[in-house]
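Throughout, a chain's letter reflects where its sequence line sits, starting with A, and its residues are numbered from 1.
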There are 2 protein chains.
Amino acid sequence: MNKVFKALSDPTRRQVLQLLRDKPMNAGELAEHFSVSKPTMSAHFTVLREANLVDASKVGKSVIYRLKLSVLEDALLAFTGAIGLELNTEKNTTSQRDTP
Amino acid sequence: MNKVFKALSDPTRRQVLQLLRDKPMNAGELAEHFSVSKPTMSAHFTVLREANLVDASKVGKSVIYRLKLSVLEDALLAFTGAIGLELNTEKNTTSQRDTP
DNA sequence: ACAACATTTAGATAATTAGCTAAATATCAA
DNA sequence: TTGATATTTAGCTAATTATCTAAATGTTGT
């Protein structure tokens with residue numbers, strides 16, 4: 001969990017996760033969204049990978065990064081649980097109903 | 001929000017928040033739970049204060065720290081919202097009912 | 001006023017971090 | 001095989017961070 005929070009402590013990395021929420025992207029595509037050099041971005045990717053927040057797979061010349069939402073979720077749940085914080089981020093409160 | 005995540009990136013500080021979940025505590029009491037010096041703890045308190053995660057009030061010789069749960073909650077909601085992550089940390093799923 | 005106590009500030013250091021450029025590695029196409 | 005492209009590694013630097021000890025500040029009781 002510590003690595004996750006360390007990873008989340010940098011705004012660039014949080015924004016990378018946000019970009020990956022929509023779809024997997026390769027390193028270059030991701031880097032285009034930021035004004036820092038590619039090696040710097042590569043270092044950020046390493047931090048995210050070591051926190052297990054993203055998954056990297058090489059396809060041809062590119063490395064595709066993919067968000068691992070469940071790892072993020074688990075870390076946040078562990079933390080909110082430890083703090084005793086009840087977060088409800090659900091979009092609608094109208095109760096789920098079985099197919100009638 | 002950035003300051004909140006920076007504050008959360010240190011395990012000592014996360015644990016301080018956890019201790020404060022139960023009750024407000026003064027600096028010395030908090031420091032007793034950790035194996036670092038009091039000045040070091042004081043620096044951690046400063047970071048937490050600047051992130052607005054705790055509130056400090058001097059009472060006599062002591063400074064009482066109090067958790068500001070709502071600030072933590074807001075930051076986490078902003079983040080999970082940005083990522084599109086739906087966390088539900090509620091303890092029971094049984095619906096709240098009006099007094100019958 | 002003084003001593004005891006609680007906490008913070010000052011000042012220092014070692015470790016970590018985010019950033020850079022240049023070079024290395026890997027893949028693909030011609 | 002050579003060249004182009006994508007990404008990472010190496011090596012560096014400046015800034016930040018966590019830590020320490022010693023000293024300063026503020027508060028209370030005698």
Rounded distance in Å - CG (B:Asn2) to P (C:dT17):
15 Å
Go through D:dT7, C:dA18, C:dT8 for me and flag the one nearest to the A:Arg13 side chain.
C:dA18
Please report, rounded to the nearest Å, how far the C1' atom of C:dA6 is from the CE atom of B:Met41.
14 Å
Can you tell me if A:Asn26 touches the phosphate of D:dT7, counting only side-chain N or O atoms and a distance under 4.0 Å to OP1 or OP2?
yes
Between P on D:dT5 and NZ on A:Lys61, what's the gap in Å once rounded to a whole number?
8 Å
B:Ala27 has its side chain closest, among D:dT9, D:dT7, C:dT7, to C:dT7
So, using side-chain contact (heavy atoms from CB on, under 4.5 Å) as the criterion, who are the partners of A:Ala56 when residues are at least two apart?
A:Arg49, A:Val63, A:Tyr65
Take the protein atom CG of A:Asp10 and the nucleotide atom P of D:dA15, then report the distance between them rounded to whole Å.
17 Å
Find the distance B:Lys58:NZ to C:dT7:P and express it as a whole number of Å.
9 Å
Whether A:Tyr65 contacts D:dT8 is assessed here as follows: a side-chain N or O lying under 4.0 Å from the phosphate OP1 or OP2. Is that the case?
yes
Taking the side chain as C-beta and beyond, is there a heavy-atom pair between B:Leu8 and A:Leu8 under 4.5 Å?
no
Which residue lies more 5' along DNA chain C, comparing A:Lys6 with A:Val59 via nearest heavy atoms:
A:Lys6
Is it possible for you to say whether B:Leu20 and B:Val47 belong to one hydrophobic cluster, with membership spreading through side-chain heavy-atom contacts below 4.5 Å?
no
Applying side-chain contact (heavy atoms from CB on, under 4.5 Å), name anything that partners B:Pro11, two or more places apart in sequence or on another chain.
A:Asn2, B:Arg14
Rounded to whole Å, please give me the gap between NZ in B:Lys3 and C1' in D:dT17.
15 Å
For the pair made of CG in B:Leu30 and C1' in C:dA6, what is the distance, rounded to whole Å?
13 Å
Has B:His44 got a side-chain N or O lying under 4.0 Å from the OP1 or OP2 atom of D:dT17?
no
For B:Phe34, report the nucleic acid contact type (base, sugar-phosphate, nothing); a contact means any heavy atom under 4.0 Å.
nothing
Nearest-Å distance, NZ (B:Lys38) to C1' (C:dT9)?
16 Å
Under a 3.5 Å cutoff, is there a donor and acceptor pairing between the side chains of A:Asn52 and A:Lys3?
no
Return the nearest nucleotide to the side chain of B:Ser42; candidates are C:dT9, C:dA18, C:dT27.
C:dT9
For C:dC20 and A:Thr40 - does any side-chain N or O of the residue sit under 4.0 Å from the phosphate oxygens OP1/OP2?
yes
OP1 or OP2 of D:dC20 less than 4.0 angstrom from a side-chain nitrogen or oxygen of B:Ser37, does that happen here?
yes
